[in-house]
Asks: 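Starting off with a structure, shown below.
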Amino acid sequence: MQSKKERYKNTLLDLAQSGKFIPGIYNYCDRWCERCTMSSKCLTFAHEQAMKEDATDPETNDISNEKFWESLRLSFQVTFELLEEDAKRFG
């Protein structure tokens, strides 16, 4: 059974390697996905949908709640792991 971190990371990598998304489109994100015409081409949107049970928990979206900070920590932890892996791969 995968840990939450492994599931987060593997889902992100699988989506990123799918070739369905516009690279970097999320850099122009204003977080109004319901109005965005590019949601279907956005890796961030797809990853959030794949991890939906976390996104629908109101505590995960409340900055004063521990779940919010845990979710953010998980995101940074996976980001740092991916950066370290690439750094080793590229020397």
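Values below: every heavy atom of this structure, side chains too, minus hydrogens, waters and symmetry copies. Model, not experiment: these values are computed from the prediction.
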Asks: Is a donor on one side and an acceptor on the other found under 3.5 Å between the side chain of T11 and the backbone of R7?
Replies: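 A pair under 3.5 Å: yes.
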Asks: Any chance you could measure S75, atom OG, to M51, atom CE, to the nearest 0.5 Å?
Replies: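 Here the rounded value is 10.5 Å.
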Asks: Hydrophobic side-chain clustering at under 4.5 Å (ILVMFWY, transitive links): who's grouped with I22? Put none if nobody.
Replies: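 The other cluster members (ILVMFWY side chains, heavy atoms under 4.5 Å, direct or chained) are I25, M38.
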Asks: Closest approach of C33 and S39, non-hydrogen atoms and distance?
Replies: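 It is O-OG, 3.0 Å.
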Asks: Listing request: all salt bridge (Lys or Arg N to Asp or Glu O under 4.0 Å) pairs with a residue in residues 35-44, at least two apart in sequence or in separate chains.
Replies: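 Every candidate salt bridge (Lys or Arg N to Asp or Glu O under 4.0 Å) pair involving residues 35-44 fails, so no pair, neighbours aside, qualifies.
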Asks: Among all residues two or more places apart in sequence or in another chain, which pass the side-chain contact (heavy atoms from CB on, under 4.5 Å) test with N10?
Replies: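 Expected list: Q2, E6.
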Asks: State, to 0.1 Å, how close A50 and L15 come at their nearest heavy-atom pair, and which atoms those are.
Replies: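 That closest heavy-atom pairing would be CB-CD1, 4.4 Å.
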Asks: With sequence neighbours excluded, give me every side-chain hydrogen bond (donor to acceptor under 3.5 Å, both in side chains) pair touching residues 77-91.
Replies: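 Listed by first then second residue: K5-E81, K9-E81, K9-E85, R73-Q77, D86-R89.
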Asks: Group every Ile, Leu, Val, Met, Phe, Trp and Tyr by side-chain heavy-atom contacts under 4.5 Å, then state whether F21 and F45 land in the same group.
Replies: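 No: no chain of side-chain contacts under 4.5 Å links F21 to F45.
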Asks: Return the set of residues passing side-chain hydrogen bond (donor to acceptor under 3.5 Å, both in side chains) with S64 (not counting sequence neighbours), or none when no residue passes.
Replies: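 Expected list: D62.
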Asks: Could you tell me whether a side-chain N or O of H47 sits under 3.5 Å from a main-chain N or O of Y8, the two making a donor and an acceptor?
Replies: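 Confirmed, H47 side chain pairs with Y8 backbone.
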Asks: Can you list everything that forms a side-chain contact (heavy atoms from CB on, under 4.5 Å) with S40? Sequence neighbours excluded, please.
Replies: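 So S40 forms no side-chain contact (heavy atoms from CB on, under 4.5 Å) with any residue.
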Asks: Give every residue pair that meets the side-chain hydrogen bond (donor to acceptor under 3.5 Å, both in side chains) criterion with at least one member in residues 17-33, sequence neighbours excluded.
Replies: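 Output for this query lists R31-E48.
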